[in-house]
Amino acid sequence: MCGIVGYIGSREAAPIVLDGLSKLEYRGYDSAGLAILNNGEIQITKAVGRLKVLENLTHGGETMPGSAGIGHTRWATHGAPSDMNSHPHFNKEGTIAVVHNGIIENYIALKKKMQDKGYEFVSETDTEVLAHLLDYYYKGNPLEAITKVLHRVEGSYALGILFAEHPGDIYAVRKDSPLIAGQNDDGCFIASDVPAILKYTRTVYYVDNQEVVRLSGDKLYFYSVDGEELNKEAVTIDWDANAAEKEGYEHFMLKEIYEQPKTVTDTVSPRVKNGEIVIEELNMTDEELQNIKRIHIVACGSAYHTGVAAKYIFEGLVRIPVEVDVASEFRYRSPILQEGSMVIVISQSGETADTLAALREAKKQGYKVLGIVNVVGSSIAREADNVMYTWAGPEIAVATTKAYSAQLSALYLLAMKLGRARGTIGDELFGELLEDLRKLPNQIELLLGQKQKIQRFANRYVGAKDIFFVGRGIDYAISLEGSLKLKETSYVHSEAYPAGELKHGPISLIEDGTLVVAVSTQPMLYQKTISNMVEVKARGAFVMAVTCEGNKAIEKAADYVLYIPESNPYFANSLAIIPLQLFSYYVAVGKGCDVDKPRNLAKSVTVE
Ligand code: F6R
């Protein structure tokens, strides 16, 4: 988590760094800080709270003149949010300043050694050890000091470093935490993510693991961890600059909910050619696809929920056994992969530490990994053997919506491709699936039109204590996501259960008026879910059903029904999730929650 930004050039650094940080606040928002180098002196300002506090404190950066600076927005790991624990951290003389995203795993041992050498620590962070180590090794040559420090620290880090004695340079380093460098005619930049500098430049370098960057006025230099100079290729970012702006929407989350028809189109269209699914990035022949014996899907959070849906889809349509794992479990459970196993990791950010570790575990065991990833050039995208990008564009709201939809679309394509290659999806079914897939964006659009109705309903639940989501099969996967969206954005306690499991315990929690959201989009299971709805209703629950047009029978058991357009049941997830996203959004708005930046959360979870 945490976001870092740095700028050096011909302009004032502080306003540029603050502006960049404002685009990274989704990564952490409990405190922020700036270090600006001016006339050989480093000025540091840090403040607990949102970036706004720092902006006000520095009058938008005006009180911190200088054309070289680094900044940080924090998601606390070591030490509570406080001015002291905020970054930048610095050596005793204040001549070296560091911002850090990641975790220094051996910081306790290093801290002890530095304390034995007489260094005093003022914060509880792991990062401060870096400032003192740099001080210890610095003998006039920053690169030499940095490479020495890197050989001693373990963990993950993206660092921005200022040395007062080198006013013409900023240094940056990366290992297992994202970092990009960029350049324009006015100067050079570093950042944790592209949106931070997109306004200033589209020429970007993805910094690789264990590389050091020197931003020297108008030029970037790259070095290996041993100090050898490297040549790197720039990448041109072709994102729409507005993609990272709210464009009149009250929140990014709402904007991103509304972007879903486009997201689905952008993910699907380039991969449908002449009536066939073409996934070049798979780099697998039909024969290789036929030889797959088992699929392992590994991911976290909402991405994991798309994996749960995919299990039902792949097993139903392709008849391949699928195991789905939460990445933090997969990595430590000594997973057994066998010949013919295909491993798929799914991640919006491409930086989730557990998912990355799961990918590495699979590769270590000799298996190829397919990454379904949104952020181009992210760690997972770079380390996976093959990458299928979800073209959702930058997702800023911490709670994912459009990237989730794009992941589902990518999984549908994959299932169809596999089913076609293995003969489990015949011509007729394939034609129907393709037609239904193409209809999804318009159908999502129609559902978005129900916004006001859902808002009115959501307003009734602003004071809710507990809400349950139930469903069977794919509807259970949808329930998992509906429930997660609600709890993360509105802090309402919520649980998702397979509908048939309710009576094995959770039904005891149903009280008079408890809202139970029953998702019922699978015709084969309609009757079964209706029985479960009747059971909770008999115990006082208020039942809201999400079902397909035409399933009128549900009205007997539900108190309130939201209909989704008819589609292939395997694609129902993409439709049923829309009212649930809107419901969560409006409960959160009704409660006055900070929808785009829910408490305690960060968008990119780069720590375990
Ligand atoms: C929920 C949410 C998280 C992420 C999870 C994985 O709204 O955003 O649960 O889905 O942290 O993140 P990625 O997809 O970046 O690996």
Side-chain angles (χ1 to χ4, degrees), residues 1 3 24 26-28 75 176-178 192-193 251-254 256-257 260 263 267 297-310 324-331 344-360 369 371-384 387-390 392-408 410-411 469 477-491 494 496 577 580-585 588 593-608:
M1 343 276 207
L24 295 186
Y26 68 87
R27 302 179 65 86
W75 187 87
D176 292 341
S177 289
S192 300
D193 198 359
H251 298 101
F252 277 112
M253 183 176 172
L254 190 62
E256 288 161 7
I257 288 174
Q260 288 178 110
T263 298
T267 303
I297 300 180
V298 190
C300 299
S302 298
Y304 166 75
H305 296 160
T306 67
V308 176
V324 197
D325 275 89
V326 166
S328 52
E329 290 299 312
F330 180 88
R331 63 184 291 193
I344 303 176
V345 298
I346 308 172
S347 176
Q348 187 286 126
S349 61
E351 300 294 345
T352 303
D354 286 317
T355 311
L356 186 58
L359 173 156
R360 289 177 181 162
V369 177
I372 296 182
V373 180
N374 194 44
V375 176
V376 177
S378 56
S379 301
I380 293 176
R382 283 183 301 160
E383 291 193 31
V387 185
M388 191 174 170
Y389 280 112
T390 50
E395 191 178 60
I396 308 295
V398 166
T400 181
T401 51
K402 64 173 179 170
Y404 168 85
S405 282
Q407 287 163 355
L408 285 173
L411 290 163
F469 289 75
I478 302 169
S479 302
L480 284 170
E481 178 60 8
S483 169
L484 178 65
K485 272 307 70 94
L486 181 75
K487 60 184 116 171
E488 65 184 338
T489 56
S490 68
Y491 319 141
S494 157
I577 200 61
L580 301 188
Q581 290 170 343
L582 286 169
F583 175 71
S584 302
Y585 172 76
C593 297
D594 193 343
V595 180
D596 285 337
K597 297 184 191 108
R599 71 180 176 211
N600 302 340
L601 295 179
K603 180 109 190 116
S604 180
V605 186
T606 54
V607 294
E608 273 196 58

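Start at 1 and go down the list; that is how both ligands and their atoms are numbered.
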Q: Walk me through it: do Q407 and T390 pass the test side-chain hydrogen bond (donor to acceptor under 3.5 Å, both in side chains)?
A: CA-CA 6 Å; Q407 287 163 355; T390 50; 5.6 Å; no
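- In E351, neither the side chain nor the backbone holds a heavy atom less than 4.0 Å from any atom of ligand 1.
- When heavy-atom distances to ligand 1 are checked against a 4.0 Å cut-off, V398 comes that close only through its backbone atoms N, CA, C and O.
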(Q) Let's go through L582 and L254 carefully: what are the C-alpha distance in whole Å and the side-chain angles of both, what is the deciding distance for side chain to side chain contact (heavy atoms under 4.5 Å, CB included) to 0.1 Å, and is it a yes or a no? (A) CA-CA 8 Å; L582 286 169; L254 190 62; 4.1 Å; yes
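- The protein atom (non-hydrogen) at minimum distance from atom 6 (C) of ligand 1 is C300 O, 3.3 Å.
- Here the CD atom belonging to Q581 is positioned 10.5 Å from the OG1 atom belonging to T489, to the nearest 0.5 angstrom.
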(Q) side-chain hydrogen bond (donor to acceptor under 3.5 Å, both in side chains), that's the test. Do S494 and K485 meet it? Break it down for me. (A) CA-CA 9 Å; S494 157; K485 272 307 70 94; over 6 Å; no
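- The contact set between ligand 1 and K485, taken as ligand atoms under 4.0 Å from a residue heavy atom, comprises 1 (C), 7 (O).
- Counting the atoms of ligand 1 from 1 in the order shown, those under 4.0 Å from a heavy atom of G301 are 9 (O), 10 (O).
- Considering only non-hydrogen protein atoms, atom 16 (O) of ligand 1 sits nearest to T352 OG1, 2.4 Å.
- In terms of protein heavy atoms, atom 4 (C) of ligand 1 is closest to S302 N, 4.0 Å.
- When hydrogens are left out, the protein atom nearest atom 11 (O) of ligand 1 is V605 CG2, 4.1 Å; that is the closest non-hydrogen contact.
- Taking distance alone, with nitrogen or oxygen atoms compared against 3.5 Å, Q348 approaches ligand 1 more closely than that limit.
- Within the 4.5 Å cutoff, no side-chain heavy atoms of M253 are placed close to those of P598.
- For the atom pair T306 OG1 and L408 CG, the distance stands at 5.5 Å (nearest 0.5 Å).
- Taking all atoms of both residues into account, the shortest heavy-atom contact from Y389 to N374 is CD2-O, 4.1 Å.
- Of all atoms in ligand 1, numbered sequentially from 1 with element shown, those under 4.0 Å from a heavy atom of S349 are 13 (P), 15 (O), 16 (O).
- Test V373, V298, L356, D325 against V345 for side-chain contact (heavy atoms from CB on, under 4.5 Å) and you get one pass: V298.
- Of the polar atoms of E481, none of the N or O atoms is found under 3.5 Å from an N or O of ligand 1, judged by distance alone.
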Q. Please walk me through it: do E395 and T400 pass side-chain hydrogen bond (donor to acceptor under 3.5 Å, both in side chains)?
A. CA-CA 7 Å; E395 191 178 60; T400 181; 2.8 Å; yes
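- Close contacts between ligand 1 and A303 involve ligand atoms 10 (O), 14 (O) [criterion: under 4.0 Å to a heavy atom].
- Nearest residue to atom 7 (O) of ligand 1 from M253, E488, E395 is E488 (criterion: closest heavy atom).
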